[in-house]
> 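My questions will all concern the structure given below.
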Amino acid sequence: MNHAVNEPRSYLDAPYGVASWLLTKDHKRIALLYLISITVFFLIGALFAAGIRAELMTPEGDLFTADMYNKLFTLHGVVMVFFFLIPSIPATLGNFLVPIMCGAKDLAFPKINLLSWYLYLIGATLTLGAVFMGGVDTGWTFYTPYSSMASNTNVTLAAVGVFIAGFSSILTGFNFVVTIHRMRAPGLTWFRMPLFLWAMYATSLVMILGTPVVAITLLMVGAEAALGFGIFDPRVGGDPVLFQHLFWFYSHPAVYIMILPGMGVISELVAAVSRKQIFGYSFVAYSSLAIAIIGFLVWGHHMFVSSQSIYAGLVFSIITMIVAVPSAVKTFNWTATLYRGSITWESPTYWVIGFIGLFLVGGLTGLFLGAMGLDVHLHDTYFVVAHFHYIMVGGGVMAFLGGVHFWWPKMTGRTYPETLGKISAVLVFVGFNLTFLPQFVVGYLGMPRRYHAYPEEFQILNVVSTGGASVLGIGYLLIIGYLVASMFKPRNATANPWGATGLEWDIPSPPTTFNFEIDPVVTEDAYNYAGRAQKTGDN
Amino acid sequence: MQSTFPLFPQAASSVASEVDLLYFFILAVSAFFAILVSALVVFFAVKYRRRHPDEVGHDIHGSIALELLWCVIPFVLAMVMFFWGASLYFTLARPPADAMDIFVVGKQWMWKVQHPSGVREINELHVPIGRPVRITLGSEDVLHDYYIPAFRVKMDAVPGKLTTMWFTATKVGTYHIFCAEYCGTQHSGMIGQVIAMEPQDYEAWIGGGRTTGTAVENGERLFTTMACITCHKTDTSGRGPILSDVFGSTVDLQDGRQVVADENYLRESIMNPQAKVVREFQPIMPTFQGTLSEENLLQLIAYIKTLKAPQ
Amino acid sequence: MHPAHENHGGHHPMLQHHFFNMGQQLEASILGMWVFLVTEVMFFGGLFMAYLLYRTLYPAAWLAGSHELNEVLGGLNTVVLICSSLTMALAVRAAQVGARMAQIVNIILTMGFGTTFLVVKYYEYAAKFEHHLVPGAHFDPTREPAQQLYFSLYFMMTGIHALHMVVGLGIMAWILYGAWKGHFNAEYFAPVEIAGLYWHFVDIVWIFLFPLLYLIGKHQ
Amino acid sequence: MSHVSSKGLYYTIFISLIILTGVTVAIARVDLGAWNTPIALAVAAVKATLVILFFMGVRNNTPLTKVVAASGFLWLIILFGITMGDYLTRSWLGIPGR
Ligand code: HEA
Ligand code: HEA
Ligand code: CUA
Ligand SMILES: [Cu+2]
């Protein structure tokens, strides 16, 4: 690229210094701040996971005490869900891309965006404080009455931490909704929006409508644990199952907070790596909304054996099955997009293929759990653990890493070594399957989750799983290694290394502070690869 | 027990093979789609790989017919799964009328079992094969969950109420019992064994156990020692309602509501008597919260259930 | 500010750089506020859910609990809040027409009503402490246990509501400062408008809390 | 949205709200059986609607704002409806815990 003297500086260089970063209102810088923080929390969560897997090498509970083990999986779950996966794509890629894809200079409320990062940090610090003060042992689900009455660990502190982090997530969603409604560039109609925006919009709806409920619920648990308020206390007539209703009213939709952004990323990537209009654009767009909305009606599928009424169970089960259909629509449309595409074999493609495979397995095993009679056997076994890791790690994390690899040149202006990119994708894929495939088997055999010690006959499968986790861990560490290393190299990325469509690829890598020199006007549909080829052909 | 490296659980109850059948059905559907989609993705990715750097894909926008196809097929399959799963769940939820009653109480961190004959055991459960067993579950502290993988049954024990599950063991053997709801430090130690026996062996075993009376007898004794009898008499002279025939009847309450007197109603009437006050009575019955253990409660309920008005 | 290539000349001084014009900025903030209020509805919604369930399960306890509340004070507070909503609406109107003095007077009145509400609430709470109606170890043991549920919810609902009032007073103070400085006029009144939306929302919560907590079975 | 409502409108709404508060209190003293609570809630809902439409200006706002304002209440209905659906059908089967 030709650097003219008076060309505005990139967002990375324009004002320099620590304060200019910590007080920045630039959505792109906030995205990077988030990226660093969630990576730290991913590593913390992964360390807990390494602890879990190491303990489960042997059937006896020998490495850690039972209490210690319980704290390990609780914190693993809490950190991974609330401090890693929920903010992962929205707060990093979303923050970076939503304004750019809208053709706007920033999010609608830049200060609130910064506030959300600080709230996240405060929440995370409080929860980590709970770790240092001795940990929490309730499981990430905080079920009452154990959490409110029986556990003598730092439940209140951890709950308050999650409560505050919840507000950071609400603020992110709120910013996205307003930005997408009010700040789109002229010509950017709803059905010209990139599918990533649709996905972020749907995700934001869930954040806004669901998160407050879990916040107040955790507050009730805190009030009960700290002050003796008896809202879920059976001794005064309170119902512990009410907690489960309130918790899952948020936490089931929250699983879509974790996967919808990933689906959005994959939709972008599929189109870009095959240089093709996405197959069935409007179906993919609407299915995001369908998942977000119908996803609010199925929470009771976590409670089939909790003593909820069988009739409520029927309703939850049938809607659970229905909500699988929009996911199916997306999967088939991605596949069809590849048909007669022009598919590159660069690293994003590896992540796309990995995602589709693993998400499929994760999603399909959700159907086993949604069938009531079968869930009776599977509930709270390792089958469930395998199911959600397939979706959250195989789906969510793969999509996140795919997105990071795809937009890395745009975000940092640097490229990373392609070969390492491919090797790590394969390592993660193989390691992942080794870790979690055996858990389906051991789960159907009946091994319950949250078990510190287990019967001997389950050992071999658990050893395989731990071995797989080591491979997986190496894959992750490799990625972090070369991405960090690339930051120390000179900027060498071009504006559009993939030859992709989209407003973000029309501006320099890395972009300038206000993204666009000239306010963009959109005149064509998203993913208009054919039209673009036409244009260059005509020249 | 099992081999040292099992890959599939034993099936030792009447429902186990039905559950497995549904499992295989969904497995087959899943395998079909997983293989189909994965194969297509890899096939397309290879077949349509980029040949030269400026190439773009074909300009295909979609197809309504295809979209409908892959909405409808998964929907229909999912509905099959739903109905199958739901009907199986109904089977699992409704114990046969002739089932024998066993009481199980979960408590951090053990399972206390009480047979109808009054024999008790801890962390073990002896059952005869071929006979439906209905388990009434209670909890003394937090949530627990009684899980017998070989029988494919599981149910939460919820403090503050009673829950039910049932099974018919079909194969003699010893099987795992796990606590499947996280309940604190020794959650993974809250395990035990079901010992399924030939009926005659079971009779012998139960005969050899030492008891302090059957559950109903114990309940009757409690009814006197806890002074229930001072208010609940068999004629109208008591301050409380006559309890004969109350189980299963429809009770009129003070505030105009009507409830069916099931086990949970009886439980609540004893532990939190003022929650539902019977019409034309005063809310004077004291709470027995803290005085009666969950097991005693089950005995009292067993006794009240046997009370019948003279013909 | 930013050493921007962009020319602010001719733009309203309160226009932030990333908006095209004041209209877009106002619309964004109003939509933003409504979205925020939706989260508030859901936040209180969790408590209302618990209330609904337990009231259905334990009507007698709810009746007894409600009879412990002072209906007159609750009613007084309802009227106080409605007055504050009126003055708030008038304050927004004053900003819209650019009447500085009317803004100041109405905001001060709103704050006055808000403070009155909190003072009344303080006396109510004090009475509950005296009568051992605060759930937990000191709860009156002669009462039916389910009444604890009533009072747990009473304190959480009114407590969180009162907290919102306190926050509201803070916002009002900030708006008052802006009004004093004469910042708001027909072209730029978004802060007053969204502060008003917040204040009215808090009022609405109380409109529901009053009959649900204070007025159960008053005929009995 | 620079619509300015007249002061008179605000006073009218204010007076209606005060009257409706009086109505709630009065109705609570009459025995309407099972209807007491629904009517109290209906009056509260009317009051809330007045505040939302007039004081909060939704009446003159964009359709989008109207949808947003309604969505919170709609979602509460989902939460209340399904959860209560569970509790109210619990005894139907006559088997404890199902
Ligand atoms: C990102 C997270 C995520 C996502 C997206 C999902 C998606 C789904 N989940 Fe999962 N789930 C979790 C995370 C997630 N889940 C977690 C964390 C838990 C455990 C919580 C805990 O207890 O700690 C859990 C638990 C859980 C349970 C409770 C298990 C139990 O505890 O007993 C159930 C039960 O119904 C369930 C079902 C489903 C279903 C049906 C989907 C569907 O949305 C999946 C839809 C996708 C597909 C179906 C694949 C694509 C479709 C095709 C290729 C076409 C073929 C399709 C058909 C024939 C229908 N999940
Ligand atoms: C986004 C969410 C997320 C992510 C990314 C992960 C990642 C992983 N999880 Fe996680 N997990 C959850 C969410 C997540 N998990 C949740 C919500 C629960 C439920 C908690 C609860 O029950 O309350 C759970 C529970 C859970 C359990 C069940 C514990 C139990 O029930 O007793 C297990 C067991 O294997 C496990 C394993 C793993 C592994 C191996 C990874 C891997 O992907 C991690 C890979 C990383 C490493 C392995 C570490 C880095 C590598 C090294 C330091 C090298 C050395 C490695 C070894 C010696 C092994 N997880
Ligand atoms: Cu008892 Cu887990
Ligand atoms: Cu779910």
Side-chain angles (χ1 to χ4, degrees), chain A residues 66-67 139 143 145-146 150 234-235 237 240 274-277 279-280 283 305-307 310 314 317-318 321 324-325 328-329 331-332 335 338-345 353 356-357 360-361 364 367-368 371-374 376-377 379-380 441 445-446 448 450-453 457 460 529-530 533, chain B residues 2 4-7 9 19 22-23 26 30 33-34 37-38 40-41 44-45 48-50 55-62 67 70-71 74-75 78 81-82 85-86 88-89 92-93 141-143 149 152 154-156 158-160 163 176 178 180-188 272 275 289:
Chain A
D67 277 326
Y143 271 17
Y146 182 73
R235 288 171 311 184
S274 57
R275 293 228 181 115
K276 196 163 161 288
Q277 166 69 40
F279 193 90
F283 283 86
V305 296
S306 70
S307 82
I310 189 168
L314 286 174
S317 176
I318 193 166
M321 291 302 179
V325 175
V329 167
T331 313
F332 292 124
T335 312
L338 295 176
Y339 172 70
R340 302 191 69 187
S342 160
I343 297 155
T344 173
W345 275 89
I353 295 179
I356 296 181
L360 260 176
V361 177
L364 289 165
L367 301 172
F368 292 70
M372 300 168 86
L374 196 48
V376 170
H377 177 52
H379 173 74
D380 268 358
V441 180
L445 277 170
R450 297 170 172 174
Y451 260 35
H452 162 240
E457 68 256 31
I460 297 178
Y529 286 94
Chain B
Q2 279 206 315
T4 48
F5 183 32
L7 290 173
V19 174
L22 176 58
Y23 177 71
I26 304 184
S30 300
F33 281 106
V37 174
S38 311
L40 283 178
V41 165
F44 290 158
Y48 302 112
R49 67 187 172 278
R50 191 169 298 164
E55 190 184 65
V56 299
H58 278 257
D59 193 19
I60 306 171
H61 284 255
E67 299 288 350
W70 57 54
C71 281
F75 177 77
M81 293 174 196
F82 162 71
L88 193 55
Y89 190 87
L92 286 163
D141 34 46
V142 298
L143 295 170
R152 314 282 190 274
K154 172 186 287 148
M155 188 67 201
D156 273 9
V158 183
T163 57
H176 288 298
F178 294 126
E181 187 64 68
Y182 176 68
C183 56
T185 311
Q186 284 304 322
H187 165 59
S188 62
N272 189 0
Q289 183 99 46

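First the proteins, then the strands, lettered A, B, ... as listed; each starts at 1. Here the structure is a predicted model, which means the values were calculated and not measured.
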> Can you tell which part of B:Thr163 gets under 4.5 Å to a heavy atom of chain A, answering side chain, backbone, both or neither?
side chain
> Where on B:Leu92 is there a heavy atom nearer than 4.5 Å to chain A: the side chain, the backbone, both, or neither?
side chain
> Run the side-chain contact (heavy atoms from CB on, under 4.5 Å) test against A:Ile460 and tell me which residues pass, sequence neighbours left out.
B:Phe5
> Contact between A:Leu314 and B:Phe82 at the side-chain level, heavy atoms closer than 4.5 Å - yes or no?
yes
> Strictly distance-based, threshold 3.5 Å: is any side-chain N or O of A:Lys276 a donor or acceptor partner for the main-chain N or O of B:Asp59?
no
> Measure the spacing between CE of B:Met155 and NE2 of A:His379 and express it to the nearest 0.5 Å.
10.0 Å
> side-chain contact (heavy atoms from CB on, under 4.5 Å), that's the test. Do A:Phe332 and B:Phe33 meet it? Break it down for me.
CA-CA 10 Å; A:Phe332 292 124; B:Phe33 281 106; 3.6 Å; yes
> For B:Asn272, is it the side chain, the backbone, both, or neither that has a heavy atom closer than 4.5 Å to a heavy atom of chain A?
side chain
> Let's test your reading of the structure: which of A:Ala371, A:Pro145, A:Ala324 forms the most heavy-atom pairs below 4.5 Å with chain B?
A:Pro145
> In terms of heavy-atom proximity below 4.5 Å to chain B, should A:Leu364 be classed as side chain, backbone, both, or neither?
both
> Who wins among A:Gly341, A:Ala150, A:Ser317, A:Gly373 for the most heavy-atom pairs under 4.5 Å with chain B?
A:Gly373
> Dump the intermediate steps for side-chain contact (heavy atoms from CB on, under 4.5 Å) on A:Met321 and B:Met81, then the final yes or no.
CA-CA 8 Å; A:Met321 291 302 179; B:Met81 293 174 196; 3.8 Å; yes
> Between chain B and each of A:Arg340, A:His452, A:Met372, A:Gln277, count heavy-atom pairs under 4.5 Å; write down the option with the most.
A:Arg340
> Quick check on A:Val325 against chain B: is it the side chain, the backbone, both or neither that has a heavy atom closer than 4.5 Å?
side chain
> Tell me, for B:Cys183 versus chain A, whether the close heavy atoms (under 4.5 Å) come from the side chain, the backbone, both or neither.
backbone
> Could you give the distance from OG (A:Ser274) to CZ (B:Phe44), rounded to the nearest 0.5 Å?
11.0 Å
> For the SG atom of B:Cys71 and the CZ atom of A:Phe283, what is their distance to the nearest 0.5 Å?
6.0 Å
> Take B:Tyr182 and A:Tyr143, measure what ring-ring contact (aromatic ring centres under 6.0 Å, His included) needs, and give me the verdict at the end.
CA-CA 9 Å; B:Tyr182 176 68; A:Tyr143 271 17; 9.6 Å; no
> Working to the nearest 0.5 angstrom, can you tell me the gap between A:Leu338 CG and B:Tyr48 OH?
10.5 Å
> Is it the backbone or the side chain of A:Ile356 that comes under 4.5 Å from a heavy atom of chain B, or both, or neither?
side chain
> B:Ala93, B:Ala78, B:Gly160: which one forms the most heavy-atom pairs within less than 4.5 Å of chain A?
B:Ala78
> Which one of B:Pro159, B:Gly85, B:Ser188 has the most heavy-atom pairs closer than 4.5 Å to chain A?
B:Ser188
> Can you tell if the side chain of A:Tyr339 reaches within under 4.5 Å of the side chain of B:Ile60, non-hydrogen atoms only?
yes
> Would you mind reporting whether B:Arg152 and A:Val376 have side-chain heavy atoms less than 4.5 Å apart?
no
> Below 4.5 Å, heavy-atom pairs only: which of B:Ile26, B:Val19, B:Leu40 has the largest tally toward chain A?
B:Ile26
> Is it the backbone or the side chain of A:Pro240 that comes under 4.5 Å from a heavy atom of chain B, or both, or neither?
side chain
> Given that the side chain runs from C-beta out, which part of B:Glu55 has a heavy atom under 4.5 Å from chain A: side chain, backbone, both or neither?
both
> Does the A:Trp345 side chain pair with the main chain of B:Ala45, one donor and one acceptor, at a distance under 3.5 Å?
yes
> Mind ranking A:Ile353, A:Thr344, A:Leu367, A:Val361 by heavy-atom pairs under 4.5 Å with chain B and telling me who comes out on top?
A:Thr344
> Please report the interatomic distance OG1(B:Thr185) to CG(A:Asp67), rounded to the nearest 0.5 Å.
3.5 Å
> Is the A:Phe279 ring parallel, tilted or perpendicular to the B:Trp70 ring (thresholds 30°, 60°)?
tilted
> Would B:Leu88 and A:Leu374 satisfy side-chain contact (heavy atoms from CB on, under 4.5 Å), going step by step from the backbone distance to the final call?
CA-CA 8 Å; B:Leu88 193 55; A:Leu374 196 48; 5.6 Å; no
> Check whether B:Ala275 gets within reach of chain A through its side chain, its backbone, both or neither, counting any heavy atom under 4.5 Å.
neither
> Report which part of A:Thr335 has an atom under 4.5 Å of a heavy atom belonging to chain B: side chain, backbone, both, or neither.
both
> For A:Leu360 and B:Ser38, which heavy atoms make the closest approach, and how far apart are they?
CD1-OG, 4.1 Å
> With a 4.5 Å cut-off on side-chain heavy atoms, are A:Arg450 and B:His187 touching?
yes
> For residues B:His58 and A:Arg275, determine if any side-chain heavy atom of one lies less than 4.5 Å from a side-chain heavy atom of the other.
no
> Do the side chains of B:Arg50 and A:Ile343 get nearer than 4.5 Å, heavy atoms only?
no
> Begin from the C-alpha positions of B:Ser30 and A:Phe368 and carry the test side-chain contact (heavy atoms from CB on, under 4.5 Å) through to its verdict.
CA-CA 9 Å; B:Ser30 300; A:Phe368 292 70; 3.4 Å; yes
> By side-chain contact (heavy atoms from CB on, under 4.5 Å), which residues pair with B:Asp156, not counting sequence neighbours?
A:Val305, A:Ser306, B:Asp145, B:Val158, B:Glu181
